[in-house]
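A quick write-up on the structure given underneath.
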Protein chains: 2
Amino acid sequence: MSTQRKPRGPYRKGIQRRAQILDAALEVFAEQGDRGSSLQEIADRVGLSIPGLLHYFGSREELLLAVLERRDTLETDHLTTDGEGKITSAGEAVVRTIRHNMDQPGLVKLFVALSAAATEPDHHAHAFFADRYRRLTETTKAGMESGQANGTTRTGVNPEHLARLLLAVSDGLQVQWLMDPTVDMAAIVETFNRLCESE
Amino acid sequence: MSTQRKPRGPYRKGIQRRAQILDAALEVFAEQGDRGSSLQEIADRVGLSIPGLLHYFGSREELLLAVLERRDTLETDHLTTDGEGKITSAGEAVVRTIRHNMDQPGLVKLFVALSAAATEPDHHAHAFFADRYRRLTETTKAGMESGQANGTTRTGVNPEHLARLLLAVSDGLQVQWLMDPTVDMAAIVETFNRLCESE
DNA sequence: GTCTATACCCAGATAGAC
DNA sequence: GTCTATCTGGGTATAGAC
């Protein structure tokens, strides 16, 4: 009765463009932050007009969320591919991540600013961050539990508390580091890890 | 209530007004956050015009900074006056503070948002927060050191690291709590304190 | 080659900063 | 009021399934 559509999916060119835009946007947002960045600049870097860019990401917000997700997956990839030694605990993973972050103050600033703003329930990134914390808490808690099971992590402590502490430590230290770059985040997290070890 | 037949002079009245404005501003900022608040609303609450208000605080920024400082001193007062038992450690002080904060989500949100924004070196609150972290780190470190000296706090760990961890935990948990109010910040800080105790 | 979803641009509308 | 940034409506060109 009605005209049937044939969704054809993006062309190869479109897929490449999308990835290209994401990379450029990640750079721009990392350099200039959320507020300091414009679609114009991102469009310029990939040689598109603004409407051309918005064809792939319906709005600026959508692009920003895609960038946040991309950064998370890049981070995860980095943890698994870049490491010669295997990660033995959640705490070690955080130390490695933080070492990596210390080379990218722009991205750290972006995340700190956004996670604070996304605290507001109707912020466009609220769902992203709420879900991110849920997910990270869950996997970190699992890591703590297995650590307790194999005797490396201190027992008799609520593993979810340990997980949330590790995440809080990581977030909180980033603020302190941004305020004063001489703060050695990695060393302090390592101290925290020692507190979590079983003696 | 108090029958003031004789005016005590503008100086005293000014001091009262100043305090009155501060209280109103604290309320407004706590309810609506930094951006959501206007000088107009604060002026209305104390029955002043905006220029009248600016007579006491030269600018909106100045007023905001005064509010932040006042909140810090109120917090400190609360720690000493409201307590039946004396505080025995920095960690306990943080637990009490956090319990108190859980009744004031607006202020917590204000602090989280501002400390993130103040990360930018030219933000008008940068100096305030940078100094605040320096000061808190110093006194918390001293608390940890005395804890180590009297045997309650685990030794063999860098006391400044412990101090920065406690501050990071407190800040980081506030974000998690704002994202998900079921997070029991106080209990988690208590878990952290156990990690810091000597066995 | 036909045909249509996709890729992209132009010229405003609109909102906000300065 | 000017400038800048996001986003929309209305179009043309092209890729790719058939």
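For the numbers below, each heavy atom of this structure counts, side chains included, while hydrogens, waters and symmetry mates do not. Lettering follows sequence order; numbering is per chain, from 1.
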**OP:** Would you indicate what A:I50 reaches in the nucleic acid, counting non-hydrogen atoms under 4.0 angstrom: base, sugar-phosphate, or nothing?
**Re:**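 It contacts base atoms.
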
Original post:
Can the positive tip of B:R17 be found less than 6.0 Å from the middle of the six-membered ring of B:Y56, inside 45° of the ring normal?
Top reply: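 Checked: cation-pi criterion not met.
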
Mind calculating the distance between [atom1] ([X]) and [atom2] ([N]) to the nearest angstrom?
{"X": "A:K13", "N": "D:dT14", "atom1": "NZ", "atom2": "C1'", "value": "8 Å"}
{"X": "A:F57", "N": "C:dA7", "atom1": "CZ", "atom2": "P", "value": "11 Å"}
{"X": "A:E61", "N": "D:dC7", "atom1": "CD", "atom2": "P", "value": "7 Å"}
{"X": "A:H55", "N": "D:dA15", "atom1": "NE2", "atom2": "P", "value": "14 Å"}
{"X": "A:R17", "N": "D:dT14", "atom1": "CZ", "atom2": "P", "value": "14 Å"}
{"X": "A:R8", "N": "C:dC3", "atom1": "CZ", "atom2": "P", "value": "13 Å"}
{"X": "A:I15", "N": "D:dA15", "atom1": "CD1", "atom2": "C1'", "value": "13 Å"}
{"X": "A:R12", "N": "D:dT14", "atom1": "CZ", "atom2": "C1'", "value": "14 Å"}

Original post:
So A:H78 and A:H100, would you call those rings parallel, tilted or perpendicular, with 30° and 60° as cut-offs?
Top reply: parallel

Hydrogens and angles aside, do [X] and [Y] bring a side-chain donor and acceptor to less than 3.5 Å of each other?
{"X": "A:N193", "Y": "A:E197", "value": "no"}
{"X": "A:R164", "Y": "B:Q176", "value": "yes"}
{"X": "B:E120", "Y": "B:H126", "value": "no"}

Would you list the protein and nucleotides 15-18 of chain C atom pairs, both N or O, that sit under 3.5 Å from each other?
none

Looking at [options], which one has an atom nearest to any side-chain atom of [X]?
{"X": "A:L54", "options": "D:dT6, C:dC9, D:dC7", "result": "D:dC7"}
{"X": "A:R60", "options": "C:dC10, D:dC7, D:dA15", "result": "D:dC7"}
{"X": "A:L39", "options": "D:dT6, C:dA7, C:dC9", "result": "D:dT6"}
{"X": "A:P51", "options": "D:dG9, C:dT4, D:dT6", "result": "D:dG9"}

Original post:
Looking at A:D23 and A:R45, does any basic side-chain N land under 4.0 Å from a carboxylate oxygen?
Top reply: no

Original post:
Are B:K109 and B:E31 close enough for a salt bridge, meaning some N to O gap below 4.0 Å?
Top reply: no

